[in-house]
Amino acid sequence: MNEILILEDDPRMGDWLKQQLERRLGEDNCRIEILETESEFRQTWLDEYCGKRRPAPRVIVIDVMLPWTHPAKNQPARPLEVIEGGYIRAGLRCQAEIVKIEGLKNLPVILYTSLTQDDLNKLKWEESDVLYVSKDDGEKIVDEVIKALAS
Amino acid sequence: MSSKAKNSAWLTEFVDFSLRCRKRSDIALILARIANDLGCYGAILWELDPEIPLEDENARLFTAGHWFRDGKHFASHTLKVRKSLVGKGILSGEVQVSNDLGEDPETAHSRAARRFYDDFGIHACRVAAVRPVEGTVAALALYRQPSDGPFTHPGSEDRLVSYCLLLPGMQDALHHKVSFGLIDEVRSVLQKPGIEDRPDDAMLDVCRAIAKHLGVLEASVFVADSDTQPRVFRLRSTTCSKYIGQSEYRAGEPGLTSWVLTRKNPLRIWDLLDFHLPAEKKMITDRYEGVDWRDPTDAQRVTADLLGSGKIPPLSFFTEPIIAGDNLVGVLRTCTIVEPPPYFTTRERSLLAVIAGQLGQFWSRHAEHRLVVEENRAWSKLVGSINRLSFSLNTELRKQKPDVVNVLRKGLDAAVDLIPGGDIRDVRLLDEYTDELYFAAHQGLGWTKERLSHRFQAGKTPPDSYGAKVYQTSEMEVVDPGDHPIYRTVFPDAKALMIVPIRSPDRNYGVVDIRSMSSRPFPEHSKQIALLLGNQFGMYCALVENFAELRKQERELTELTETTTTAFADWQHQIRGPINQALLRLKDVLRQQYPSDIAAPTYLRIQRGLLAKAHRATRSLRLFINLATGKEIIPRDTKVAAGDLVKRLIEACLDNRILASSRRVVDFNVMTETFGLLDARRLDADLDLIEQAVNNVIDNAFKYSYQRTTIEVSGSDKGKYFRLTVSNEGIPLLTKDLDKLGTRGFRGEQAESVVGEGSGIGLWVVRNILEAHGGRLVPDATSNGRTSIHLELPWK
């Protein structure tokens, strides 16, 4: 089973990616989970993974810009690095968390964004092993996920 | 037992027996019963050939059923009325008897009759006319061999007459069973769910049902494909491919099937060796070179070879035209009845006509269904195409010098899937220096340098080309290119041409031409899609043009914005928003799978929506550029009607709903009744700008609303101002932030936690729009959990 985790706040993009991947991989051959906020991933998903309540996916796909949370009366408080770094670095923070965890650190992670290379340079983002794809090239994101699953 | 009781006993038994018969060939069992009862060697039920009236010298009879004690099959199948004892019985209406057929004056001169008597060892015959039913003329003939003894006078005549009275009723009952069985089976085939998608399966099953119930060797359906070759009728299904000499026919050609196509009339031939169309007969006989069809032995050898059977039926031919509406769509052909009786009666011929009618109805349904499927597929593909085109557009917009032709070329690629028959496609754009339309992009077959060099005057009055006419009027044209000297020269093979304008709300850029090599007219939905493509292309032209301008000002914009890293991405986000929303709405509608009858108006509505969105996108872009470069916003003030404003407010709410994640449960309530006051007092404003402003406020309210809350939009009179209020329950707006709201780049502290894209531009734009109208943005700090933003516009 191809388990894929997608972090994407825009439902259009999330749905589109899911649909394309299901079409390419076969609906019965993949399980795709979409998270829409940074806090969902960092505070819920990772907690559950570390508590062995959910398995590791085979690929993680992350949109660079993510909101911290959906509005709620008791919404989770923002950590200092979120207040300072802003939503624009949310995906990068998620990726940084992934590499800290033993069972996830070797997973292929695909980051995509609508930011230009200039914008990314200004963010002083070191690409390291993470694959960066332009959000405008949706087909390429799908190709990269398929490639990562095959490797 | 009294004689009356005995009489009614044989009658009851006969009727009971006959009514239990089910198959067409069971007529032989009924005849056997009569022959045995009356001590005869055999019986034949003769019917008049309905093609030739009884009064005609050539009137003849054919066997509607026969039975012989030793299982022999009848060798000669037709009989002249005026040269037979049977005919005499029919003509006179009296029972005829002959105990020495060899000497009978009625048959002595008929070689065929003598051969029949010799072959079957028959010497005596008794004939009685059968009561006519539905115009049929028939007679029952009983035959005896010498061992059966002669017929006595009057002998069992009473009982023979009784049988003749009953026989038509029994025959009818049998026919009804066969008919109902066949029609039921055909109906169930043609009404299977989803069968419209598999017309060949349906027609093959119908052919098989005909073969089974009527016992024919060949049942075939030939149909023309109206899309490709409407005049060529091709074999679509058959029960006997071995028997097919020719797999396609055209009207006007020689041959029996073509005869039906030419005249749109049925053709019934009882025996191909004995029919009255000399040319067709010659063609049939010519197909089998070396066979002497006048020699029954030779003919039988050939038919035996064809049928692979020793039983030689006559080569019959029954073909019914299949008509759908007023159009001939095909023919249903049956050839050679292999199960006795070897001839169809009038009843079976009518049955074939009914089935041909059902096939005609089915074909109409299939054609309609195919159109709906094609239409749905085209609209679904359109969504995919627009998606792909959006990516192409985005890629192009990222370039320093975006070129719209690159996007349009991809758009033409997409058109091939969207418009069936759109074989040759091109975009002609205006060359502003020469005022000519030139081929800027082209796809499809047959392009040459010479063709591409053609140019068309754009501004001439009256226009001297269809392209110029479309360019000038912005109205789509569907024309026959053969009518125009230039188009005829450019593409002599093109049979149909659609020309749609490429335009944005503000200007015309050129035209899209879609040519078809097929003679099938473009379906209505293809025209709508072509129009939509033209509109999309116009939008792309406008966007690329404006983006090129925007690029020039990028540096200035970056200086103006506070969040420099995302300046351009934010602009793009703001501009693309309306287009994406329109696309999503289109997708949403397509997902609903509306029935076909309401689909077209829905698509048209979407198309209008897309146009409006493109219009707004273009205006928004201009607005942003003006604002960012310090230029003034100049509203186009017109009277605002309550209905128009409410409609746009509802649309804005819908857009937000569609864009949102399914996990966001937030409702909208446009309080329609509160806007009624606009009809009583005059408010002048630019509705497009107001919509842009309200959209931004609703968008904000939605972003910051808690789950399971409602955003309310209402109108009120606030003294000098008309007040439009958007209120929501969510992230609070603090009193300390009120003054800064509407300042460029400002976002409330709390807002940072929940919002992804955006950098505090939305309310700044709103404030500017309102101020351009002499109005103002008035935010209220959150109280009782609700936050309200008021947009105030001065009354006239």
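These numbers were taken from a predicted model, which means no experiment stands behind them. Residue numbering restarts at 1 for every chain, and letters A, B, ... go by the order of the sequence lines.
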List for me each residue that meets side-chain contact (heavy atoms from CB on, under 4.5 Å) alongside Thr710(B), sequence neighbours excluded, and say none if there are none.
Asp667(B), Asn669(B), Glu712(B)
More than 12 non-hydrogen atoms from neighbouring residues, nucleotides or ligands closer than 6.0 Å to CD on Glu27(A), yes or no?
no
Quick one, Lys73(A) with Glu729(B), criterion salt bridge (Lys or Arg N to Asp or Glu O under 4.0 Å). Give me CA distance, side-chain angles, the key distance, then yes/no.
CA-CA 10 Å; Lys73(A) 279 178 186 161; Glu729(B) 191 181 341; 3.7 Å; yes
Would you indicate whether the side-chain heavy atoms of His70(A) and Gln707(B) approach each other to under 4.5 Å?
no
Where do Pro71(A) and Tyr706(B) come nearest, in terms of heavy atoms and distance?
C-CD2, 3.7 Å
Can you confirm whether Arg54(A) is buried at CZ, in the sense that more than 12 heavy atoms of other residues, nucleotides or ligands lie under 6.0 Å from that atom?
yes
Which bit of Ile34(A) comes within less than 4.5 Å of chain B, counting heavy atoms only: side chain, backbone, both or neither?
backbone
